[in-house]
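Below, chains carry the letters A, B, ... as their sequence lines are ordered, and counting in each starts from 1. Scope of the values below: all heavy atoms of this structure, side chains included, with no hydrogens, waters or symmetry mates.
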2 protein chains.
Amino acid sequence: MQHVFLTHLKERRLKLTPQRRLILDVFLGLRRHVSAEELYALIQKKDPSIGQATVFRSMKLLVEAGVAQSSGLGGRSICYEPNRKHHDHLICTRCGAIREFRSESIEREQEKIAIAHGFALSAHRMELFGLCNVCPKGSRS
Amino acid sequence: MQHVFLTHLKERRLKLTPQRRLILDVFLGLRRHVSAEELYALIQKKDPSIGQATVFRSMKLLVEAGVAQSSGLGGRSICYEPNRKHHDHLICTRCGAIREFRSESIEREQEKIAIAHGFALSAHRMELFGLCNVCPKGSRS
DNA sequence: ATCCTAATTGATAATGATTATCAACCGATG
DNA sequence: CATCGGTTGATAATCATTATCAATTAGGAT
Ligand SMILES: [Zn+2]
Ligand SMILES: [Zn+2]
Ligand SMILES: [Zn+2]
Ligand SMILES: [Zn+2]
């Protein structure tokens with residue numbers, strides 16, 4: 001996985017710094033969605049000298065390298081997750097729980113729709129919102 | 001349409017001000033997606049005394065009243081469109097063109113997926129990104 | 001190992017979109 | 001028309017992110 005990142009760096013004459021190494025490791029160690037801010041807090045515990053600008057910059061770099069993908073989840077802030085097979089999200093509007101899924105039939109249908117409109121599809125985002133099964137149905141907010 | 005808004009106001013003892021009337025009229029007059037900022041610019045031409053905070057507040061109110069819906073399009077800023085029948089979006093990554101569509105089969109499949117995961121679906125967002133047919137395929141950005 | 005240079009860093013200022021604050025104002029009801 | 005609570009506009013504040021910049025450093029060439 002990290003091999004992809006190293007290759008990306010060399011191709012563009014970018015440098016592998018201790019900061020980038022640490023950020024990459026911590027990020028890949030997690031197996032969930034994180035915002036740059038959350039990740040910064042985790043990084044801080046391992047090396048308090050790292051600034052948050054570096055975390056923002058590094059996450060951008062990880063996305064460019066294809067190591068991370070940014071899912072527009074997490075309310076106002078951008079969330080990242082390790083780049084695996086494409087999937088979409090099911091999000092609980094109450095507790096924030098996130099479930100991942102992939103529907104081949106929807107993926108196919110999206111392609112068909114794009115073609116019908118003369119678009120060359122390159123990506124998509126789909127999020128389903130609702131109450132998960134551990135959240136009580138009859139209560140508000 | 002505006003009837004819905006007036007009812008919403010009365011139900012909550014809110015007031016119908018000239019500002020809200022103008023913002024509602026201009027918004028409904030457009031038949032496209034607008035950000036609060038774009039709308040503010042249009043409002044300014046009709047009445048330069050209206051502040052942009054009022055536009056932001058009013059758009060929020062229109063959403064609560066069910067007159068407008070906020071689509072998370074438009075990059076960083078929230079976009080609004082008059083609340084019609086549910087639909088999803090196809091967006092050109094080059095020129096920003098937006099096409100609307102609705103796929104019954106996808107809508108059904110989303111329901112099935114939510115149920116399979118124990119979620120009670122309340123809403124969803126789906127955006128397809130690609131190059132539209134008037135944008136050249138072989139060029140970058 | 002030593003140099004060199006361009007990339008990187010951390011602190012901080014700046015940005016852009018949105019929200020909060022607050023005194024002055026005004027719409028609705030009686 | 002008097003009263004009162006909702007509303008307004010200007011402005012400050014917030015939040016996430018990006019830009020700036022002097023100081024530092026990785027990595028290729030000597
Ligand atoms: Zn995911
Ligand atoms: Zn839940
Ligand atoms: Zn839909
Ligand atoms: Zn286009």
Problem - Interatomic distance where CG belongs to A/Leu24 and P belongs to C/dT8 [whole Å] - result: 15 Å

Problem - Heavy-atom protein contacts under 4.0 Å, nucleotides 16-24 of chain D, coded B base, S sugar-phosphate only, - none - result: SBB-B----

Exercise for the section: May I have the distance from B/Arg13 (atom CZ) to D/dT7 (atom P), rounded to whole angstrom? Expected result: 12 Å

Fill in the blank from the handout: From CG of B/Leu61 across to P of C/dT19 the rounded distance in Å is 13 Å

Handout entry: A/Glu111 and A/Arg108 ion-paired at < 4.0 Å
Key = no

Practice task
Please round to the nearest 0.5 Å and tell me the distance separating atom CG of A/Asp88 and atom CD of A/Gln110.
Solution key: 6.5 Å

Completion exercise
note: B/Ile43, atom CD1; D/dT8, atom C1'; distance rounded to Å ~ 14 Å

Exercise for the section: Check whether any side-chain N or O of A/Gln19 sits under 4.0 Å from OP1 or OP2 of D/dT25, and answer yes or no. Expected result: no

Completion exercise
When rounded to the nearest 0.5 Å, the distance separating NE2 of A/His124 from CE of B/Met126 is 8.5 Å

Handout entry: Gap between atoms CD1 and C1', on B/Ile50 and D/dT7 respectively (whole Å)
Key = 12 Å

Exercise for the section: Using only side-chain N and O atoms of A/Arg20, determine if any of them is under 4.0 Å from OP1 or OP2 of C/dT8. Expected result: yes

Practice task
Give a yes or no on whether a salt bridge exists between B/Glu104 and B/Arg102, defined as a side-chain N under 4.0 angstrom from a carboxylate O.
Solution key: yes

Pairs: protein N or O with nucleotides 27-30 of chain D N or O, under 3.5 Å:
residue : atom : partner : partner atom : Å
D/dG27  : OP1  : A/Leu16 : N            : 2.9

Problem - Aromatic ring pairing A/His33/A/His87, orientation class (parallel under 30°, perpendicular over 60°, tilted between) - result: perpendicular

Exercise for the section: For residues B/Ile113 and A/Ile106, determine if any side-chain heavy atom of one lies less than 4.5 Å from a side-chain heavy atom of the other. Expected result: yes

Practice task
Using whole Å, report how far CG of B/Leu39 lies from P of C/dT18.
Solution key: 12 Å

Problem - Interatomic spacing from CD in A/Glu107 to NE2 in A/His86 - rounded to 0.5 Å - result: 3.5 Å

Problem - Rounded interatomic separation in angstrom, taking CD1 from B/Ile23 and P from D/dT7 - result: 12 Å

Practice task
Determine yes or no for a side-chain-to-main-chain donor-acceptor pair under 3.5 angstrom, with A/Glu81 supplying the side chain and A/Gln69 the backbone.
Solution key: no

Exercise for the section: Output the distance between atom CG (A/Asp25) and atom CD (A/Gln2), rounded to the nearest 0.5 Å. Expected result: 5.5 Å

Handout entry: Length of the line joining B/Met59:CE and C/dT19:C1', which is rounded to integer Å
Key = 16 Å

